[in-house]
Amino acid sequence: LYFLIDAFFFKLENKFNLSLLLAGLFIGLGLTSKYIIIYLWAAVVFYVIVYDRKWLKRTELYISAVISVLCFLPVIIWNFQNQMQTISFWDEKVELLKSGLKTDFFLFELSGQIIYNNPVNFFIILLSLVRIKKNYIPECNIKRFLFLAGLPLAVLLLIISLFGRTLPHWSGAGYLS
């Protein structure tokens, strides 16, 4: 996240943006241990398409994505060689639309998000969201990016928890943003 912010907001005029390449490297390395990190790339794509399309012309963005894929490639190969063990694990954990609404899973996820991510932080974030409700998305581009990198992940996991068991620490990356 640090290198993404550095690349998008502080190294704008550089002819070659090393921070973006480092972001690709660290996202790729993060993917080898926590797949939820892919969410950072989703936030980048959404931010670039909606707010800052000039990045679509920068080769570093594409090189950075390739670096992430190359870092993650051993995991992909391992999964193909081992009957998609990781996918099987996730299929057991998140059973979307198989058995109706699970309010107990939702309450477990919500309380877990509050406890795991610090109750004080949770309520500060909640109060901030109430405050920006009128503007919906903050005016400042850094705030927009952090908003996109954080809030949708926590909300998505709450929605998923209505249908299947999730683990509260999955939302940590969203609260960190």
Side-chain angles (χ1 to χ4, degrees), residues 1-81 84 86-87 90-91 94 96 113 117 121-122 124-160 166-167 169-177:
L1 187 61
Y2 168 80
F3 287 110
L4 287 172
I5 291 170
D6 191 46
F8 284 128
F9 305 109
F10 297 108
K11 303 256 170 96
L12 298 173
E13 303 305 320
N14 291 1
K15 291 186 183 218
F16 192 76
N17 199 319
L18 181 62
S19 290
L20 193 52
L21 299 182
L22 289 171
L25 173 68
F26 287 116
I27 291 171
L29 292 173
L31 282 168
T32 62
S33 63
K34 283 289 184 195
Y35 298 162
I36 200 75
I37 298 298
I38 194 68
Y39 186 76
L40 283 176
W41 272 123
V44 165
V45 168
F46 190 78
Y47 173 79
V48 165
I49 289 172
V50 173
Y51 295 111
D52 207 352
R53 290 187 183 189
K54 72 177 181 232
W55 284 97
L56 294 172
K57 297 176 184 175
R58 303 281 304 255
T59 56
E60 302 98 285
L61 183 66
Y62 304 102
I63 294 170
S64 184
V66 168
I67 290 170
S68 290
V69 171
L70 289 175
C71 289
F72 191 56
L73 193 58
V75 175
I76 296 169
I77 292 169
W78 184 90
N79 272 295
F80 275 108
Q81 293 173 341
M84 298 296 190
T86 306
I87 304 302
W90 283 100
D91 189 42
V94 181
L96 291 178
Q113 283 189 17
N117 298 298
N121 288 344
F122 181 85
I124 288 172
I125 291 167
L126 193 61
L127 289 172
S128 298
L129 291 174
V130 170
R131 185 164 186 251
I132 65 170
K133 182 180 176 186
K134 292 180 183 176
N135 295 334
Y136 187 62
I137 300 283
E139 298 285 329
C140 174
N141 279 343
I142 293 176
K143 290 178 185 175
R144 284 178 177 162
F145 181 74
L146 289 173
F147 183 83
L148 292 172
L151 183 66
L153 177 60
V155 171
L156 176 66
L157 288 169
L158 285 171
I159 292 168
I160 291 172
T166 58
L167 295 173
H169 71 275
W170 293 353
S171 65
Y175 283 93
L176 182 64
S177 297

Side chain of Ser68, backbone of Gly24: donor and acceptor closer than 3.5 Å? yes
Can you check whether Arg58 reaches Leu20 side chain to side chain, under 4.5 Å on heavy atoms? no
So, do Leu156 and Ile160 sit near enough that their side-chain heavy atoms are less than 4.5 Å apart? yes
Which is it for Val75 and Leu31 under the side chain to side chain contact (heavy atoms under 4.5 Å, CB included) test, yes or no, and what are the steps along the way? CA-CA 9 Å; Val75 175; Leu31 282 168; over 6 Å; no
Apply side chain to side chain contact (heavy atoms under 4.5 Å, CB included) to Leu25 and Leu21, showing your working. CA-CA 6 Å; Leu25 173 68; Leu21 299 182; over 6 Å; no
Contact check, side chains of Leu4 and Phe9, non-hydrogen atoms, under 4.5 Å: no
Side chain to side chain, Leu148 and Tyr39, heavy atoms closer than 4.5 Å: no
What distance do Thr32 atom OG1 and Ile76 atom CD1 have between them, rounded to the nearest 0.5 Å? 11.5 Å
Do the rings of Phe72 and Tyr35 sit parallel, tilted or perpendicular, given the 30° and 60° boundaries? perpendicular
Taken to the nearest 0.5 Å, the spacing of Asp6 CG from Asn17 CG works out to 7.5 Å
Side-chain heavy atoms of Leu1 within contact of Phe145, under 4.5 Å: yes
Using atom types as modelled and distance alone, determine if a side-chain donor or acceptor of Tyr62 lies under 3.5 Å from a backbone N or O of Leu56. yes
Measure the spacing between OG of Ser64 and CZ of Phe3 and express it to the nearest 0.5 Å. 11.0 Å
Using modelled atom types only, decide if a donor and an acceptor are shared between the side chain of Asn117 and the backbone of Gln113 within a distance under 3.5 Å. yes
Side chains of Val44 and Phe8: does their closest heavy-atom pair fall under 4.5 Å? yes
Nearest 0.5 Å please: distance from the CD1 atom of Ile67 over to the CD atom of Glu60. 10.5 Å
More than 12 non-hydrogen atoms from neighbouring residues, nucleotides or ligands closer than 6.0 Å to CZ on Phe46, yes or no? no
Return the CG to OH distance between Leu22 and Tyr2, rounded to the nearest 0.5 Å. 10.0 Å
Which atoms form the tightest heavy-atom contact between Cys71 and Pro74, and what is the distance? O-CD, 3.3 Å
Between Ala43 and Ala149, which heavy-atom pair has the shortest distance, and what is it? CB-CA, 3.8 Å
